[in-house]
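For reference, the structure I am asking about is given below.
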Amino acid sequence: MARYNFKEAEARWQNVWRERGTFEVKTDPSRRKYYVLEMFPYPSGKLHVGHVRNYTMGDMVARYKRAQGFNVLHPMGWDAFGLPAENAAMASKVHPARWTDDNIATMRGQLEMMGLSYDWTREVATCHPDYYRHEQKMFLDFLKAGLAYRRESWVNWDPIENTVLANEQVIDGRGWRSGAVVEKRLLSQWFLRITHYADDLLDALKTLERWPERVRIMQENWIGRSEGARAFFGIKGRSERLEIFTTRPDTLYGASFCALSPNHPLAQELAKNNPALAEFIAECNRMGTSEVTLETAEKKGVDIGVKALHPLVPGWELPVYVANFVLMEYGTGAIFGCPAHDQRDLDFARKYGLPVKPVVLPPGEDPRTFAVGSEAYLGDGTIINSDFLDGLDVPAAKRRVIERLEASSAGQGTIAYRLRDWGVSRQRYWGCPIPVIHCRKCGIVPVPEKDLPVRLPDDVTFDKPGNPLDHHPTWKHVACPQCGGKALRETDTFDTFFESSWYFERFCSPRSDKPFERKDVDYWMPVDQYIGGIEHAVLHLLYSRFFNRALRDCGYLDVKEPFAGLFTQGMVCHETYRDADGQWLFPEEVRREGEGRLVDAKGRPVEVGRMEKMSKSKKNVVGLEAIVADFGADTARLYLLSDSPPERDLEWTDAGIEGAWRYVNRLYNLVTEPRIALAPAGAPLPNELAPNVDKARRAIHRAIAAVTDHIEKFRFNSAVARVRELTNALEEMGEGAGAAQVFRQGIEVAVRLIGPMMPHLAEELWQALGHATLLADERWPEADLSLTIEDTVTIAVQVNGKLRATIELPRDGERAAAEAAALAQPAVQRAIAGKPARKIIIVPNRIINVVV
RNA sequence: GCCCCUGUGGCGGAAUGGUAGACGCGGCAGACUCAAAAUCUGUUGCUCGCAAGGGCGUGGGGGUUCAAGUCCCUCCAGGGGCACCA
C-alpha cells in the first residue's frame, strides 16, 4: 500500500494554480457571475481551525460553482483595525501597525497552505489609507445627506485609567486592568441614522429568501417595530406635561404609577433639590451600559413626590417614580405602569405597595372573582373596569383609546422601534480617523475632500492611558478650513464595523482610486453566497444592509441588498484539560495512557472538561500547522466538511482527523493501484453489462445526483458520505462485462466530486488517470437521471403504524397487488390476528399501513 | 432578564410527516505478522430469547395524525446575541 505524499503534492498544485492564475477573475458581463465570500478575519495572530472551517466551506462552494461554469469571484482580505492591536501595543510595546502586518503575513501563509481558491490579486487590508480614505469620503457624504449627526451618549468610564472601556473590558462592573468601579459618562459622539431605514430594513427581510430563517427573525426582533401610543399626562402643579410611550394603550385604566428614566429631563431637574433622588440617579449611572446589566439588575425606583394626572380621567392622580429599568433610548423615556398586565410593572407594584387593577378579563374568568396574583396576565380578553372600553377585545380597545386620545389632544397613535442609531465614535487610536475639525468659531467643519485621507500618525505612544491621538503633540492641531484660525481635529476613530460594512464592494475593484468602479460593482454585486459565524447575525449583517442603503442614497451604487444568500456556520469546539493544579493544558501536552486515562508530561492525571468553543484562554486549541504537517491540508478539509453538519458546532477529535486521513489514502490507492484494470479513457461500454456492473453504474449516477443536491443545500457532511458510498460500491464491484469501463467511469466521477473538497488530491488523481488538463478547469459531472431510478422498490408494511414486514415490488405497481402482497405476509397476518382491516393506507412505492 | 438556536446508539451524525440509526469514529471477533503498527474481513442501538421471534427506543411530559425524530403546547439542559470584542 502506497502512502499519499501530500507534502510534495500540495505544494506542487498550489504552485500550478498560482502560476497559471487559475483563480484570478475579471469583470466579464458576457459570463454568468457568482460571488462567494467568507467573512474576512480579524488578524489576531494565527488562523484557528474555526477560520479554516469557514474558508473550506467557501472554497467548496467557489470551486463547485466554477465547475458549473460560473465566473466566480472569491476574494480574501483583512478586517485590520481593532482593539486587540492596541492591547498588544500596551502589553508588549509593539506598534499596532507592525503587530497587524506581522499577523497578516502569518495568516496569509496559513491560508495559502490550505489551497483555497482565492484571487489573491484582490487582497485588501482595511487599515491602509488606500482603503480607509474612501470611508472618510463616505462619512462626509453621509453628513451632507443628514445620515450622520452628533449627540451625547453614555460610555463606560474607567476613573483610574481615565479612559473609555468597551463592554468587553468591563468585568463585574469593574475595569479589566484597573479594577476600578466603572462609571457611566456622557460624551459627544457621532451617530449614523440607521433608524431612518428601520421600516425598509424590516420589510426587505422578506426578500432575503436565501437567508436562514433564524437570522431574519433575530434582525426583525432587533429592529423591534411596535405599534403603540404616546399619551400626555399632566403634572400636578406644573405647566409641562409628561409624555409617555406605551404598546398597551388598552390598559390605560389599569394604570397605577408612572416611571421615568434616570436620564429623563424631569428627573434631572428634580434631582437638583432632592438629594435622595440625585443619589439614586448617580447609582443608576454607576451601572454599565450593556443591556444585560440593566435587564438583570434588581428593579428599583424612587418616588419623586410629584403626581401625574391621568389623560382620560379628570382628577385621577398617579405617583411618579424614577426607575432604573426605564430606558431613555426607547420610546419617550417615560412609561405608565399597569401591573395587572405587565410582569415587570407587577413586580415593581408589589415591591412598592401599588394597586393592581385588572382591566383585561381572560376568557372564561368571572369578572367578580378574577384577580392577579404573582403573574401578570398578558393575553387577549375582554376589557373591564375601563369606562368606554368595557366589553371590547384588546386590539379594538387599542384603536378606540387612540381615537379618544387624539380627539382630546391627549396623545396619538405612534410606532416605536427598539433599533437605535449606530454610534460610530471610538476613543481609540487603531481605527479610521473621523474627518472633521472642531473650530471654536465655526463649530464642526468637515475636512475638505482635497485634504483626504486624514492619515493616522505613526509616532504614537501607549504609555499613557486614553487615546494616543488625543495626546499626540501636534496631530490634532490644525487650521480651521473655514476661518483659518486655530482648530482641533476630531481624535475619535470609527467603529470597526464601518470597515466591514462595505469591504465586499471594495473587493470588486480593489485597486481603484474610487471606493469601487460602478461597472465592477454592477456586475459582481450582490454577494451570491456569504458565509460566516452566527455571532454576526445582527450587528455586522444589519450594519452592512444599512450602509448599503446609505451608499445608494448618496449615489454610490445601485444595489438593494448586499448579501443575496447567507449561510451561518457553527463553531469548532474541543475538550478542555486541566492538570492536578487546575491549570489549563494544551491538547498536545496531554497523552493517553492505558484505558483512556489521560496524563500530563509528568505523568500526573489530567481532568477532562467539557467540549467548548476553542479559545486561547482555555488552551483547547489545535495548531493548524501541526495538523497540516501531519495529515495535509486535504485531510483537514475533509474532516472539517464531513464531521458535522455545517451549521452545527464541530467537535475536533484526533480520531476524527485520523479517520479522514485513512480515507485519503484509500482513495489514493483506489486510483493508483486499481483492483480492476482501468479501461482507457473514453472507451465505449459493451452492449450488455454484467448485473453487478450495471448496479455499480447506477450507483455512480445516483452519487452524482445526490452529491450535487447536498452541495447545493449546504449539506457537506452528507455529500462526503455519498462519495464514500460510491467508493465503497466501486471497491465491492466484482469483475464482469463492462467492469473495466464502469470502474474507470466511477473513479473519474469520484475524483471530480471530491475536487471542491480535496482539491490537491483531486488534481493529483486526475493527472494519474492520464489527463493533461487541470481538474480545476473541468466541468462538474452530470447524472443520467434514467439511471438513478430502480425498477423495484422496497415497501414497508405496517399494522397499526408498527413495522411488521417489508416487501419487494415493481415500481409503480397496482395498488391491489401491493395490498394483497402485504396482507399475505406471515408477520402481518400474525399481527392482525384475524381481525378485519378497518382501513388500508397505501403510499405508492413507500408504505402500506393496515389499520385494524 | 430579553431574542434566537440545538438536544437521535459508547461518540460525530443520517432520515420530502411514511422501514430511525445512511456514512464515519470507537468497540468486539478473525486474517496477515516472530511481534506490533498499518491494512483487510465480519459484527456492533438497548433488552428478553438456544432459536424463531418479541418488547423498548430520537432530552422529560402532554397533544394532533392511519403514521411523529420531524407538526403543536409545555418543561428541562446546553449554546449564540444583547448595540464599544470582532
Side-chain angles (χ1 to χ4, degrees), chain A residues 1 3 39-42 44 79 81-84 87 155-156 164-170 189 194 212-222 224 289-297 299 325 329 343-344 418-428 495-497 500 533-540 542-543 568 570-571 573 610-613 639 642-645 647-651 653-656 658-660 662-663 665-666 669 715 717-718 720-725 728 794-798 800-806 827 830 838-841 843 846-851:
Chain A
M1 274 284 194
R3 284 279 186 112
M39 290 181 185
F40 67 163
Y42 178 77
S44 55
D79 189 12
F81 275 138
L83 200 49
N87 291 333
V155 293
N156 299 310
V164 177
L165 297 180
N167 283 335
E168 185 190 58
Q169 298 172 317
V170 181
Q189 309 201 67
I194 187 171
E213 178 72 16
R214 61 168 159 160
V215 174
R216 288 186 285 169
I217 292 171
M218 278 191 258
Q219 291 211 354
E220 187 181 324
N221 291 335
W222 186 266
T289 57
S290 74
E291 190 180 318
V292 58
T293 313
L294 296 174
E295 288 288 321
T296 52
K299 308 292 180 284
F325 59 86
E329 289 82 13
Q343 192 60 45
R344 197 171 52 188
R418 210 185 74 95
L419 182 69
R420 307 199 298 263
D421 278 334
W422 174 15
V424 293
S425 297
R426 298 291 181 270
Q427 297 69 43
R428 313 197 192 287
D495 177 7
T496 58
F497 278 124
S500 57
I534 185 68
E535 68 273 18
H536 293 291
V538 177
L539 290 179
H540 160 59
L542 191 61
Y543 288 150
T568 51
M571 299 175 306
C573 302
R610 297 189 304 144
M611 277 283 174
E612 282 187 67
K613 178 179 177 170
Y639 175 51
S642 64
D643 191 67
S644 290
E647 69 279 7
R648 227 141 355 125
D649 288 353
L650 179 143
E651 297 178 5
T653 61
D654 290 344
E658 282 159 16
R662 267 199 294 277
Y663 185 65
N665 279 295
R666 204 162 142 187
N669 284 304
R715 298 190 298 226
N717 56 325
S718 295
V720 172
R722 294 311 294 258
V723 174
R724 293 183 90 129
E725 281 186 59
N728 287 349
T794 308
I795 294 174
V797 184
Q798 299 179 333
N800 289 337
K802 224 168 165 57
L803 182 75
R804 293 297 170 183
T806 58
R830 258 201 314 275
R838 282 197 288 136
K839 203 179 195 184
I840 298 181
I841 286 147
V843 182
R846 209 165 263 268
I847 204 160
I848 296 171
N849 190 10
V850 182
V851 186

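None of the values given here were measured: they were computed from a predicted structure. Chain letters run A, B, ... following the sequence lines, proteins first and then strands; every chain starts at 1. The analysis underlying the following values was restricted to heavy atoms, covering all of them including side chains, and did not include hydrogens, waters or symmetry mates.
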Across all strands, who's sitting opposite B:U58 as a Watson-Crick or G-U wobble pair, both distances under 3.5 Å? none

Compare the minimum distances between each of B:A83, B:A86, B:A15 and the side chain of A:Arg420, then state the nucleotide with the smallest one.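 Ranking B:A83, B:A86, B:A15 by closest atom to the A:Arg420 side chain puts B:A83 first.
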
Per A:Asn221 side chain, nearest of listed nucleotides B:C4, B:A22, B:G18: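 That would be B:C4.
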
What is the base-pairing partner of B:A67, counting Watson-Crick and G-U wobble geometry with both distances under 3.5 Å?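 When the pairing criteria are applied, nothing turns out to pair with B:A67, so the answer is none.
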
Rounded distance in Å - CG (A:Asn849) to P (B:A67): 8 Å

Residue A:Trp222, side-chain atoms from C-beta onward, closest of B:G1, B:G24, B:C82: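 Selected nucleotide: B:C82.
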
Taking the six-membered ring for Trp, are A:Trp422 and A:Tyr543 parallel (under 30°), tilted (30 to 60°) or perpendicular (over 60°)?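 Parallel, since the angle between the ring planes stays under 30°.
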
Determine whether A:Thr293 and A:Val170 make a side-chain contact, defined as any pair of heavy atoms from C-beta on separated by less than 4.5 Å.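 A:Thr293 does not reach A:Val170 side chain to side chain.
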
Between P on B:U65 and CD1 on A:Ile841, what's the gap in Å once rounded to a whole number?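 My rounded result for the distance is 12 Å.
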
Whole-Å distance, A:Asn717 CG to B:U8 P, equals 15 Å

Tell me the interatomic distance from A:Ile847, atom CD1, to B:U70, atom P, rounded to whole angstroms. 16 Å

With a 3.5 Å limit on both atom pairs, tell me what B:C28 is paired to, counting Watson-Crick and G-U wobble, or say none. B:G42

Does NZ or CZ of A:Arg724 lie under 6.0 Å from the centre of the six-membered ring of A:Tyr663, at an angle within 45° of the ring axis?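 A:Arg724 over A:Tyr663 ring: yes.
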
So, is A:Arg648 near the phosphate of B:G7, with a side-chain N or O under 4.0 Å from OP1 or OP2? yes

Under a 3.5 Å limit on both distances, the Watson-Crick or wobble mate of B:G78 is B:C5

Spacing of A:Leu650 atom CG relative to B:U6 atom C1', expressed in whole Å: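 It is 15 Å, rounded to the nearest whole Å.
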
Applying a 4.0 Å non-hydrogen cut-off, can you work out what A:Arg830 is touching in the nucleic acid: base, sugar-phosphate, or nothing? sugar-phosphate

More 5' along RNA chain B: A:Val215 or A:Gln427, using each one's nearest nucleotide?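 That would be A:Val215.
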
Its glycosidic angle compared against 90° from 0, B:G80 adopts the form anti

Closer than 4.0 Å, any side-chain N/O of A:Lys802 to the OP1 or OP2 of B:G18? no

Among B:C82, B:A14, B:C23, which is the nearest nucleotide to the side chain of A:Val292? B:C82

Quick check: any donor-acceptor pair below 3.5 Å linking the side-chain of A:Gln189 to the base of B:C84? yes

Measure the shortest side-chain to side-chain distance between A:Val851 and A:Arg838 over non-hydrogen atoms and say whether it is less than 4.5 angstrom. yes

If you check every side-chain atom of A:Met571, which of B:C82, B:G79, B:C84 has the closest atom? B:G79

Determine: side-chain N/O of A:Asn728 to OP1/OP2 of B:G24, distance under 4.0 Å, yes or no. yes

Sub-4.5 Å side-chain heavy-atom contact between A:Thr568 and A:Arg214: yes

Counting only side-chain N and O atoms of A:Arg214, is one of them less than 4.0 Å from OP1 or OP2 of B:C3? no

G-U wobble or Watson-Crick pairing nucleotide for B:A37 (cut-off 3.5 Å, both distances):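 B:A37 is unpaired by these criteria.
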
What's the CD1-C1' distance between A:Ile534 and B:C3, to the nearest Å? 12 Å

With a 3.5 Å limit on both atom pairs, tell me what B:A15 is paired to, counting Watson-Crick and G-U wobble, or say none.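 Its partner: none found.
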
Could you check A:Pro645 against A:Ser290 and say which one's nearest nucleotide on RNA chain B is further toward the 5' end?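 Closest to the 5' end, via its nearest nucleotide, is A:Pro645.
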
Using a heavy-atom cut-off of under 4.0 Å over every strand shown, decide if A:Val155 touches base, sugar-phosphate, or nothing. base

Spacing of CD belonging to A:Glu658 relative to OG1 belonging to A:Thr653, to within rounding of 0.5 Å: 8.5 Å

Closest to the A:Arg3 side chain, choosing from B:C85, B:A38, B:C66: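 Minimum distance to the A:Arg3 side chain belongs to B:A38.
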
B:C82 C1' sits how many Å from A:Ile217 CD1, rounded? 17 Å

If you check every side-chain atom of A:Arg715, which of B:A86, B:G24, B:A15 has the closest atom?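 Output: B:A15.
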
